[in-house]
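First comes the structure, then the notes that go with it.
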Amino acid sequence: MNKTALITGGARGIGRGIAECLAQEGWSLALCGSKPTSDENVQKSVAEIQSLATQPVRYYSCNISSTEARATLLDDVYRDFGQVSLLVNNAGVGARVRADLLDMSEENYDWLMKINLQGPFFLTQAVARRMIAQKNAGDEADFAVVNISSISSTVASVSRGEYCLSKAGVSMATRLWATRLAEFDIPVYEIRPGIIKTDMTTAVAEKYDRLIAEGLTLQRRWGVPQDIGRVVAMMARGDIRYSTGQVINVDGGMLIERL
Ligand code: NAI
C-alpha cells in the first residue's frame, strides 16, 4: 500500500521528529518548508531522514501562507506520490516580536495568522477535497489529518497574543474538520506540544531551563521532537481511529492544575 505523509515544516524541529518516526514505520514522506531545496541544512536533514526510511523522502520549498505556493506544492506532491494519506499541519512561526498586547502591530498579526492559521486551514481544505475524491473513486486507503497546535491554544501569553490566537484557531479548525470529514471516515486529531527543544525556543532557552527546574512541568525536562513524533506515529498507524477530534497534550503534565 502507498502510504504518503505530507508534513509541513518537516525538515526541522518538531516536524523532523515526526518525519523520523514515520520514516521508521515505512511511510513515504513529502516534507515542505520555507527554506529553498538548495539549503544545506535542508539537504542534510532530508538525507538523514532518508537514511532511516525504506520509502522515498522528498522536500518541497513552499511558503504555506501563499495560495499559489500551496497549489503548486499539492500538484508536485500528487505528481510524485499519487496521494496524501496523512496530512500533518506542523509548520508555524513564533511572534515576530514579543510585544505587549497594547503594542501589537496589525502587520505582525496578519503575517503570523497567515502562516499559522490561514495556510494550514486552506491546505487541509485542498487535501480533504482530494481525499474525498479518492474515496469516492473507490480508494480504500485510511486517510487522516493531524494538527500541531500548542498549549498556547488555551494558555494566555500577553507578550505574543497573535500566536495564542492563531493556535486557538487551529484548535477550532481541528473540531471543524473533524466534524466535516467524519462522514468520509477521515479522522482529524490535534497535538498540543508544551515546551519543546527546537530552533523556535532557542531564544528563550534560559528562561525555560529555569522554569522547568522550578517545576513548571511535572516531568522535569524539555520535550523533544520525538515526543511528538511518537504520538503522530500512533495516530498514523490508526491506533485511535475511533477518536476523531481528540487532542493530546505533549507537555510533561504542565497543564495539570495543582494546589
Ligand atoms: P521550528 O522553527 O524549528 O520549525 C518551524 C518549521 O516551520 C520550519 O521547518 C519552517 O521551514 C517551517 N515554516 C515556517 N514558516 C513557514 C512558511 N511560511 N511556509 C512553510 N513552512 C514554514 O519550530 P518548531 O518548534 O519545530 O515548531 C513546529 C510547530 O510546533 C509550530 O507550529 C509551533 O508553533 C509548534 N509548537 C512548538 C513548540 C515548541 O516549544 N517548540 C510548542 C508548541 C507548539
Side-chain angles (χ1 to χ4, degrees), residues 6-20 29-37 39 41-46 49 59-74 77 87-96 110-124 146-155 157 160 162-171 173-174 190-205 207-209 211-212 216-217 221-229 231-232 247-252 254-255:
L6 169 56
I7 308 170
T8 65
R12 195 173 106 172
I14 290 176
R16 177 172 171 169
I18 297 168
E20 288 177 359
L29 298 178
L31 314 176
C32 82
S34 49
K35 294 272 162 52
T37 21
D39 182 272
N41 289 329
V42 166
Q43 290 192 349
K44 188 164 173 280
S45 172
V46 171
I49 298 166
Y59 176 86
Y60 305 84
S61 178
C62 168
N63 175 4
I64 51 158
S65 66
S66 151
T67 309
E68 297 74 33
R70 286 193 305 272
T72 305
L73 169 71
L74 291 187
V77 171
L87 169 64
V88 183
N89 286 307
N90 161 77
V93 288
R96 236 179 198 164
D110 283 345
W111 171 79
L112 184 141
M113 281 295 192
K114 274 191 147 251
I115 298 172
N116 285 9
L117 182 57
Q118 188 171 331
F121 180 85
F122 284 101
L123 187 64
T124 304
V146 178
N147 288 333
I148 307 300
S149 62
S150 166
I151 52 162
S152 299
S153 293
T154 60
V155 176
S157 300
R160 49 195 183 110
E162 67 274 55
Y163 182 78
C164 300
L165 284 165
S166 73
K167 293 301 186 178
V170 169
S171 294
T174 303
E190 177 178 337
I191 296 173
R192 287 187 192 160
I195 298 162
I196 314 298
K197 198 99 186 170
T198 68
D199 290 342
M200 187 181 273
T201 43
T202 305
V204 283
K207 172 183 155 187
Y208 284 124
D209 280 344
L211 291 174
I212 290 168
L216 176 68
T217 51
R221 67 165 174 89
W222 283 77
V224 292
Q226 287 70 20
D227 288 319
I228 290 101
V231 177
V232 174
V247 178
I248 298 198
N249 290 349
V250 182
D251 63 357
M254 183 178 164
L255 295 191

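Model, not experiment: these values are computed from the prediction. Every number for a ligand or one of its atoms is a count from 1 in the order of the listing.
Applying the side-chain hydrogen bond (donor to acceptor under 3.5 Å, both in side chains) test to T124 and every residue at least two apart in sequence or in another chain returns N89. Under the rule for a side-chain hydrogen bond (donor to acceptor under 3.5 Å, both in side chains), the partners of K44 that lie at least two apart in sequence or sit in another chain are E48. Considering only residues two or more places apart in sequence or on other chains, T198 meets the side-chain hydrogen bond (donor to acceptor under 3.5 Å, both in side chains) condition with none of them.
Residue-level contacts of ligand 1 at the 4.0 Å heavy-atom threshold are G9, R12, G13, I14, G33, S34, C62, N63, I64, N90, A91, G92, V93, I115, I148, S149, S150, Y163, K167, P193, G194, I195, I196, T198, D199, M200, T201.
Residues V170 and F121 have side chains not in contact (no heavy-atom distance under 4.5 Å, counting atoms from C-beta outward).
If you take CG on L123 and CD on Q118, they are separated by 12.0 Å, rounding to the nearest 0.5 Å.
Across all non-hydrogen atoms, the minimal contact from V42 to D39 is N-OD1, 3.0 Å.
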